[in-house]
K.L.:
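Take this structure, written in structure tokens, and hold onto it; I'll ask about it next.
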Amino acid sequence: MTNFAFFQSRSGETTLGGTSKGKDIRTSNIQAAKAVATAIRTSLGPRGMDKMIQKSDGEVLISNDGATILSQMQVMHPTAKMLVELSKSQDIEAGDGTTTVCVIAGALLDACGQLLNKGIHPTQIASSFLRACKQAETILEGISKPVDLTDRQSLINAVTTCLSSKVVSQNSDVLAPIAVDSVLGVIDAATATNVDLRDIRMVQQVGGTIDDTELVDGIVFDKGCKKSAGGPSKVQDAKIALIQFCLSAPKSDMENNVVVSDYAAMDRLLREERKHILGLCKKIKKSGANVVLIQKSILRDAYNELSLHFLAKMDIMVVTDIERNDVEFISRTLGCQPIAHADSMSKEKLGFAASVGEVSVAGSGHKVVKMTGVKNPGKTMTVLLRGSNKLVLAEADRSVHDAQCVVRSLVKKRFMIAGGGAAEAEISLKLKELSHGATGMDAFCMKAFAEALEVVPYTLAENAGLNPINIVTELRKAHADGIKGAGINVKKNKITDMYDENVLQPLLVSTSAITLATETVGMILKIDDMVVVM
């Protein structure tokens, strides 16, 4: 005969084995994850609020991007950390919808709590949710519309929808075309299946406004050229050398002191130094280069006043302090090769540009070097971001990156769906209809999944200051009447067809958000114990 262990639970009921502990752990996990979702829920949509984050070092960050907010939060609970990772996963996969994915996960967990209270087993809920998720994907693909990457206006409409919820939403008429053109400039629209956003370089310059932001088909350096010795600041038909060797006197490997006993020895030392530097400059001139980019050096001075003097006399423009991380991007853009030693200077290793010049940035005293008319064999683009202060610039950078991710999502999966909560409302309606045909526990779980997805239009309405119950009821009626694109128009405070309003978003953003949220919820549900290893 088998002996069972019975335990008295807190509520006084007798339970088999240790199920009460599993229930407590599950409840604790659901509460922790829901707390994170609730914290960023107010940031959803075009009328969502921004969060001000103060870091430990005193730096202040203003953003309403879910991934940015969660990555800065100090989350202690292990399950709450899963939601932070969920937001990061959505950021990597689609780039947009990082707040949406957490809000959906929070709503699904709330539904799980109610299903668990009805006595449905967690494994049953998790498997039913995954089946509902697959159905949701099929429904979304059914209502999506194909997009042609050559139709620039459609892409701009999708990007404008993404930017409408950002701090810089009022500048979307400037930033949206820049985001679209920068991505289309680095791919072949006919054959591309993905985009490497590292091919687009973002250069930030304080001064002016975001409306002064521009897309440069070439390269921009955030510092001016060196003119202390009187060198040129503008060169036409430029031949560019990217050098990694130092234009200064050589140093010994160890810290040694040279003791000079008389003036003749000192004179000879200076003469040798002058001769060495002049020899390096002559090799640069001999290769035909008229613009020199000098990489930063940590061992010794990358250049000195004497080398700048010689290069100025030879009519060669000098740009210094090139970061090691930028060398590959510069090489691909200009078609040049980095030169590690003066002896390997040759014409074949030079890059070419129609025009290289120092430009004063309007609205500030800063100067930048612009290289335009490049051959660009590596297909790269540069965005020169402008803003009144560093906070605005940082948020503009994040917003443009999200906008570029939206275009990337359309390159990966070339379909669009309506925004404004239309997709979630359509899935909710169709899944409720399907739940009527399902049997047993599946019917309960599918209906709960469908109702949980209504949190997106509900939150959009709530954040816009509308009556969420009235608005969501109207939205259900519109979808029941067959208007698949019906969504919440927060500008007109009513339900309208999002396709007519050009409020569009990539299919990948929604499918990715629902799939990732469902998988995370399933994982949280299956946890019944927490083991702390010290």
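Predicted model only: the values in this text are computed from it and were never measured.
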K.L.:
Counting only heavy atoms not in Lys34, do more than 12 fall under 6.0 Å of its NZ?
P.N.:
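Buried by this count: over 12 neighbours within 6.0 Å.
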K.L.:
State the CD1-CG distance between Ile488 and Leu460, to the nearest 0.5 angstrom.
P.N.:
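Those atoms lie 5.0 Å apart.
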K.L.:
I need the Met82 CE to His77 NE2 distance, nearest 0.5 Å.
P.N.:
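NE2 of His77 is found 11.0 Å from CE of Met82.
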K.L.:
Do the side-chain N and O atoms of Thr209 and Asp211 include a donor-acceptor pair separated by under 3.5 angstrom?
P.N.:
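Thr209 vs Asp211: no donor-acceptor pair found between side chains.
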K.L.:
Judged by modelled atom types alone, do Asp188 and Thr191 share a side-chain donor-acceptor pair under 3.5 Å?
P.N.:
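Yes - a donor-acceptor pair under 3.5 Å links their side chains.
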K.L.:
Answer with yes or no whether the side chains of Asp96 and Gln505 bring together a donor and an acceptor at under 3.5 Å.
P.N.:
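Side chains of Gln505 and Asp96: no pair found under 3.5 Å.
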K.L.:
Salt bridge check: are Glu474 and Lys494 linked by an N-O gap of less than 4.0 Å?
P.N.:
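Salt bridge between Glu474 and Lys494, a charged N being under 4.0 Å from a carboxylate O: no.
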K.L.:
Answer yes when Glu93 and Arg408 have at least one side-chain N-carboxylate O distance shorter than 4.0 Å, and no when they do not.
P.N.:
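No, this pair does not count.
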K.L.:
So, taking the atom named CZ in Arg26 and the one named CG in Leu109, what distance separates them when rounded to the nearest 0.5 Å?
P.N.:
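Atom-to-atom, Arg26:CZ and Leu109:CG are 12.0 Å apart.
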K.L.:
For the backbone of Gly207 and the side chain of Arg386, can you confirm whether one donor and one acceptor N or O come within less than 3.5 Å of each other?
P.N.:
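Looks like yes, one N/O pair under 3.5 Å.
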K.L.:
Among Arg332, Arg201, Lys296, find the one that has a salt bridge (charged side-chain N to carboxylate O under 4.0 Å, His left out) with Asp326.
P.N.:
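Result: among Arg332, Arg201, Lys296, Arg201 is the only option passing the salt bridge (charged side-chain N to carboxylate O under 4.0 Å, His left out) with Asp326.
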K.L.:
Do we see a donor-acceptor contact under 3.5 Å between the side chains of Lys51 and Thr42?
P.N.:
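Thr42 and Lys51 do have a side-chain donor-acceptor pair below 3.5 Å.
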K.L.:
Should the heavy atoms of other residues, nucleotides or ligands under 6.0 Å from OH of Tyr458 be counted, would the total exceed 12?
P.N.:
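More than 12 heavy atoms, drawn from other residues, nucleotides or ligands, come within 6.0 Å of this atom.
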K.L.:
Under a 3.5 Å cutoff, is there a donor and acceptor pairing between the side chains of Asp199 and Thr380?
P.N.:
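Side-chain D/A pair, Asp199 to Thr380: absent.
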K.L.:
When you look at CD of Glu214, are more than 12 heavy atoms from neighbouring residues, nucleotides or ligands closer to it than 6.0 Å?
P.N.:
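Above 12, so yes.
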K.L.:
Is it the case that Asp65 and Thr98 place a side-chain donor and acceptor less than 3.5 Å from each other?
P.N.:
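Looking only at side-chain atoms, Thr98 and Asp65 do form a donor-acceptor pair, the distance falling under 3.5 Å.
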K.L.:
Would you say the side chain of Ile53 lies within less than 4.5 Å of the side chain of Val60, judging by non-hydrogen atoms?
P.N.:
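Side chain of Val60 against side chain of Ile53, heavy atoms only: no contact under 4.5 Å found.
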K.L.:
Would a distance-only check, ignoring hydrogens and angles, find a side-chain to backbone donor-acceptor pair under 3.5 Å from Ser28 to Asp24?
P.N.:
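Looks like no, no N/O pair under 3.5 Å.
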K.L.:
So, do Ile514 and Leu140 sit near enough that their side-chain heavy atoms are less than 4.5 Å apart?
P.N.:
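Sidechains of Leu140 and Ile514: in contact.
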K.L.:
Counting only heavy atoms not in Met49 (residues, nucleotides, ligands), do more than 12 fall under 6.0 Å from its CE?
P.N.:
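Atom CE in Met49 is not crowded, with 12 or fewer foreign heavy atoms closer than 6.0 Å.
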K.L.:
I'd like to know if the side chain of Ser87 reaches the main chain of Leu83, judged simply by a donor and an acceptor atom lying under 3.5 Å from each other, with no hydrogens or angles considered.
P.N.:
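No, because the side chain of Ser87 does not come within donor-acceptor range (under 3.5 Å) of the backbone of Leu83.
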K.L.:
When you measure from the side chain of Asn171 to the backbone N and O of Val174, does any donor-acceptor pair fall under 3.5 Å?
P.N.:
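No; judged by distance alone, with no hydrogens or angles, the pair does not exist.
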K.L.:
To the nearest 0.5 Å, how far apart are CG in Asn493 and CG in Leu466?
P.N.:
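Asn493 CG to Leu466 CG: 4.5 Å, rounded to 0.5 Å.
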K.L.:
Within this structure, what is the CZ-CG distance for the pair Phe221 and Asp321, rounded to the nearest 0.5 Å?
P.N.:
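Separation between the atoms: 11.5 Å.
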K.L.:
Using modelled atom types and a 3.5 Å cut-off, is there a donor and acceptor pairing between side-chain atoms of Ser428 and backbone atoms of Ala425?
P.N.:
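Side chain of Ser428 to backbone of Ala425, a donor-acceptor pair under 3.5 Å: no, none is there.
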K.L.:
Look at the side chain of Ser409 and the backbone N and O of Ala94, then say whether any donor-acceptor pair between them is shorter than 3.5 Å.
P.N.:
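Yes, the answer is positive, given that a donor and an acceptor are paired below the 3.5 Å cut-off.
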K.L.:
Salt bridge between Arg198 and Asp196, side-chain N to carboxylate O under 4.0 Å?
P.N.:
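Asp196 and Arg198: salt-bridged.
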